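Keep in mind the model is a prediction, meaning the values are calculated, not measured. Atoms within a ligand are numbered from 1 in the order they appear, just like the ligands themselves.
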Amino acid sequence: MVTTEYGRRIAARFDTFDQDGNGYIDREDFNSAAKALLAEFSTAARSDKGQALYAGAEAFWQGMAGIADRDGDQRITRDEFVGGAVKRLRDNPDRFAEIARPFLHAALAVADTDGDGAVTVEDTVRVLHILGVREDIAETVAVALDINADGKVGEAEIVPAFARYFTVPE
Ligand code: CA
Ligand code: CA
């Protein structure tokens with residue numbers, strides 16, 4: 001049983017990655033996240049943005065598997081996540097930003113529907129929510145990211161914030 005606040009937060013991050021809730025993280029969870037984002041923003045999988053998102057999802061999965069899939073069965077169990085991924089990512093948040101960046105870059109391109117290089121706070125909440133971040137947290141995070149309060153959020157802010165969220169500081 002998870003009793004500490006830290007343990008509870010780690011469990012929540014695992015659940016965020018385990019999009020289909022079958023008890024382990026695998027490639028399918030990353031593909032599901034990509035698919036859900038494309039559906040949310042009415043973007044075709046075969047478009048350039050769709051292809052970039054799937055490529056980013058694959059790179060994200062490969063990076064996570066490289067860090068956490070200790071027995072190489074192409075699944076990250078809760079134990080592997082808690083014992084491997086969380087500790088190693090916390091020790092090296094830059095590494096997490098690096099493996100997540102192509103996916104986040106592509107996700108923001110999908111959400112940047114007017115192509116001005118930034119995403120509205122409202123659409124940032126939609127992205128975070130689709131990625132499994134709880135809606136009330138997503139809202140707080142998105143508003144905090146809009147540092148100059150112009151209603152828009154750029155990639156430079158999102159990648160480190162996402163890394164901070166997933167690397168779960170103690
Ligand atoms: Ca899963
Ligand atoms: Ca495994």
Side-chain angles (χ1 to χ4, degrees), residues 1-46 49-111 123-139 141-142 158-159 161-170:
M1 203 173 101
V2 174
T3 50
T4 64
E5 167 64 16
Y6 176 65
R8 196 189 58 72
R9 276 187 290 161
I10 291 192
R13 301 310 181 267
F14 181 87
D15 293 341
T16 300
F17 276 106
D18 181 15
Q19 291 251 327
D20 59 11
N22 65 353
Y24 53 81
I25 300 163
D26 69 3
R27 176 178 277 116
E28 201 45 52
D29 293 313
F30 288 84
N31 282 332
S32 301
K35 194 174 169 187
L37 264 176
L38 292 177
E40 175 74 19
F41 290 94
S42 309
T43 304
R46 294 200 173 278
K49 285 181 177 181
Q51 291 298 295
L53 188 63
Y54 277 109
E58 174 64 18
F60 198 174
W61 158 246
Q62 292 286 345
M64 287 297 289
I67 286 169
D69 181 20
R70 282 189 307 251
D71 61 4
D73 69 349
Q74 300 293 304
R75 296 172 173 187
I76 300 169
T77 62
R78 200 173 283 267
D79 276 356
E80 286 176 327
F81 185 76
V82 173
V86 172
K87 188 183 180 312
R88 292 181 63 182
L89 292 173
R90 198 178 55 227
D91 290 348
N92 192 356
D94 291 347
R95 174 74 186 130
F96 183 80
E98 192 183 305
I99 65 174
R101 190 182 304 276
F103 177 74
L104 292 175
H105 177 78
L108 292 178
V110 167
D123 287 343
T124 304
V125 174
R126 285 165 74 194
V127 171
L128 293 172
H129 185 54
I130 293 277
L131 297 181
V133 178
R134 246 174 46 207
E135 206 147 13
D136 55 331
I137 296 175
E139 181 101 42
V141 168
I158 283 199
V159 173
F162 197 75
R164 271 197 307 278
Y165 175 78
F166 278 104
T167 51
V168 197
E170 261 175 304

### Query
Salt bridge check: are E98 and R95 linked by an N-O gap of less than 4.0 Å?
yes
Would you say the Ca ion (ligand 1) has [X] as a near neighbour, meaning an N/O/S atom of that residue under 3.0 Å away?
X: E28; value: no
X: N22; value: yes
X: D26; value: no

Looking only at non-hydrogen atoms, find the nearest pair between [X] and [Y] and report the distance.
X: Y24; Y: D26; answer: CE1-OD2, 3.4 Å
X: L37; Y: F103; answer: CD1-CZ, 4.1 Å
X: E139; Y: V125; answer: CA-CG2, 3.8 Å

### Task
For the Ca ion (ligand 2), report each protein N, O or S atom nearer than 3.0 Å, sorted by chain and then by residue number.
D69 OD1, D71 OD1, D73 OD1, R75 O, E80 OE1, E80 OE2
### Message
Are there over 12 heavy-atom neighbours, none belonging to K49, within less than 6.0 Å of that residue's NZ?
### Response
yes
### Query
Looking at D20, which of its N, O or S atoms is the nearest one to the Ca ion (ligand 1)?
OD1
### Query
Which of the N/O/S atoms in D18 sits closest to the Ca ion (ligand 1)?
OD1
### Task
Drop me the distance from Q74's CD to D69's CG, to the nearest 0.5 angstrom.
6.0 Å
### Euclidean distance, L53 CG relative to L108 CG, rounded to 0.5 Å
10.0 Å
### Query
Which word best sums up how the rings of F17 and F30 line up, parallel for under 30°, tilted for 30 to 60°, or perpendicular for over 60°?
tilted
